[in-house]
Amino acid sequence: MARDSPYEDDDHENLIHQNKDKSASFRIEELQSPIRRRFSKGHYLFAAIVTVISLVATIYLFFSSKICDTTSDRIKESQLRALYLLNKQRSSLFDLWNHTFGTSNNITAVRFDQIKASLLDQITLNRHIKDTLLSTENGTVSVPIVNGSEICRKIDPKSSKRRTIEWKPDPNKFLFAICLSGQMSNHLICLEKHMFFAAVLNRVLVIPGSKFDYQYNLVLDIDHINECIGRKTVISFEIFMELKKNHARIDKFICYFSIPLPCYTDEDHLKKLKSLGISMGKVETAWKSEDIENPSPKTVKDVEGKFGTKEDVIAIGDVFFANVEKDWVLQPRGPIAHKCKILIEPSKLILLTAQRFIQTFLGSGFVALHFRRHGFLKFCNAKKPSCFYPIPQAADCIRQMVEKANTSVIYLSTDAAESETSLLQSMLVMNGKTIPLVKRPPRDSAEKWDSLLYRHGLDGDDQVEAMLDKTICAMASVFIGAPGSTFTEDILRLRKGWETASSCDEYLCHGEEPNFIAGDE
């Protein structure tokens, strides 16, 4: 349902002439002549919107002056604060005007969306001005904003322009994936890069088993990958061992990185592989000076040159930090040709459970927030500026996003302590109403939304819980991520693949659309 106009509350107030206060209004008459010559109907509409905003601000100032004649010093201080905000708003509107119309007579659809977003910011500031002017000991008066769905539009994935590679493996040639750095999110990114390597090298990808790595079949739909490509491209470690009659050999074990440690493996990992019935030769390195701290850009030709071989079974690791054909690999829907929206997606049990949770607790329109805290302070403080924000600052950023998205509930994915989330919840108040933070509750037999996981013995599994969190976040109307987190990166990959990504998606307190990043888990 459409929201009321942000100006409706002021329709019945008495307007004053513009020359009463030139400092708080536009001098439109000075602009009319060139505007008529240069601008289209869309530009007139923009000019009208800007004028109305400025006039409303003037009304607020006039109205406050009447109050200040008979009220306390508190109201006078509010008026001074409002004068500052009015000047700030006026400057922002003029900057928007000059930036928009100074260089071109045409406005693209993307530019018009940016104009609407900027105007929304000014409308929000206008609301704060009125709250300041009308503030009393008894509370404040607020102005409704425009419908957030007009600002937070879905992003066109432009899948028709994808650059893809066909994955047609030789059924007798295998690539054994080595992914050991970080936690599950890092491993999934590593696995996706291994798929690209396997496609380039025309090999079947062998996904490691739980005795050496994570148990991927609990969280991923492996059959989905093969169905999307239309042939057998990925097999589990167990099937691989059956094919090799439990006596597999890795003919060539090649490390992508040599610094700080080849392949991110040590003697314990190698012993685990051997204990599974796998023999191997000497571990080699593809490049003697390739460092995970500063990975050099590589091409498909580099991959073919270093890893191309006639051996039946090769292992490559760890490629999480590898910088190979970055623009190609990080496309929405990935670099490999397939008929689905996305290749690597959660298992069907996790997908269904996420949908049931949303239906039970959130509804169709909600903001998802990945609020990374535990172990993130040191990581973020090493960056300039830091990406670790105090709770009050984080709460302010979240309120602004909720207001822009026009939603009433937030799904919270976090590892923060209860003391932090409780403080955050207490500070998320807008227009006198609390914005609820919803987390997944502990297992309760009276609730049915998670019954599928319970019946299959998956409830309580850390990796399943993490993937369920990601899936819920990926289905949100708007997503706020943690900068530097690969957990966030995996959510963005799902959102872009599923075409749920929004123009309002952003990193917390960064005010920008997230891009793929390689950082901490």
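Given the structure is predicted, the values throughout are model-derived calculations rather than measurements.
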Nearest 0.5 Å, please: how far is CD1 in Ile278 from CZ in Phe253? 9.5 Å
With rounding to the nearest 0.5 angstrom, report the CZ to OG1 distance, Phe357 to Thr471. 12.0 Å
Give a yes or no on this: more than 12 heavy atoms of other residues, nucleotides or ligands lie within 6.0 Å of atom NZ of Lys168. no
Count the heavy atoms of every other residue, nucleotide or ligand shown that sit under 6.0 Å from CG of Asp444, and state whether that count exceeds 12. yes
Residues Glu499 and Lys154 bridged, charged N to O under 4.0 Å: no
Evaluation steps, side-chain hydrogen bond (donor to acceptor under 3.5 Å, both in side chains), between Asn186 and Thr486: CA-CA 6 Å; Asn186 298 46; Thr486 52; 2.8 Å; yes
Report the residue from Arg440, Lys470, Lys439 that forms a salt bridge (charged side-chain N to carboxylate O under 4.0 Å, His left out) with Glu465. Arg440
Take His338 and Ile229 through the side chain to side chain contact (heavy atoms under 4.5 Å, CB included) test and state the conclusion after the steps. CA-CA 5 Å; His338 60 87; Ile229 296 176; 4.3 Å; yes
Is it the case that the side chain of [X] and the backbone of [Y] share a donor-acceptor pair, with hydrogens and angles ignored and the cut-off at 3.5 Å?
X: Asp490; Y: Ser185; result: no
X: Gln331; Y: Trp328; result: yes
X: Ser210; Y: Gln215; result: no
X: Ser503; Y: Arg153; result: yes
X: Arg203; Y: Pro171; result: no
X: Ser485; Y: Phe487; result: yes

Where does the angle between the aromatic ring planes of Phe361 and Trp449 fall among parallel (under 30°), tilted (30 to 60°) and perpendicular (over 60°)? perpendicular
Just list the side-chain donor-acceptor pairs under 3.5 Å for residues 231-241, sequence neighbours left out, or say none.
unit_1: Arg231; atom_1: NH1; unit_2: Trp167; atom_2: O; d: 2.7
unit_1: Thr233; atom_1: OG1; unit_2: Asn226; atom_2: OD1; d: 3.0
unit_1: Ser236; atom_1: OG; unit_2: Ile239; atom_2: N; d: 3.3

If you draw the axis of the six-membered ring of Tyr454, does the NZ or CZ of Arg443 fall within 45° of it and under 6.0 Å from the ring centre? yes
Of all residues at least two apart in sequence or in a different chain, which pass the side chain to side chain contact (heavy atoms under 4.5 Å, CB included) check with Gln463? Met184, Tyr214, Val219, Asp461
Under the side chain to side chain contact (heavy atoms under 4.5 Å, CB included) rule, what do Arg356 and Ser451 come out as? Steps first, then yes or no, please. CA-CA 10 Å; Arg356 290 181 177 184; Ser451 59; 3.6 Å; yes
Ile292 vs Phe320, side chain to side chain contact (heavy atoms under 4.5 Å, CB included): CA-CA, chis, key distance, verdict: CA-CA 9 Å; Ile292 65 168; Phe320 168 70; over 6 Å; no
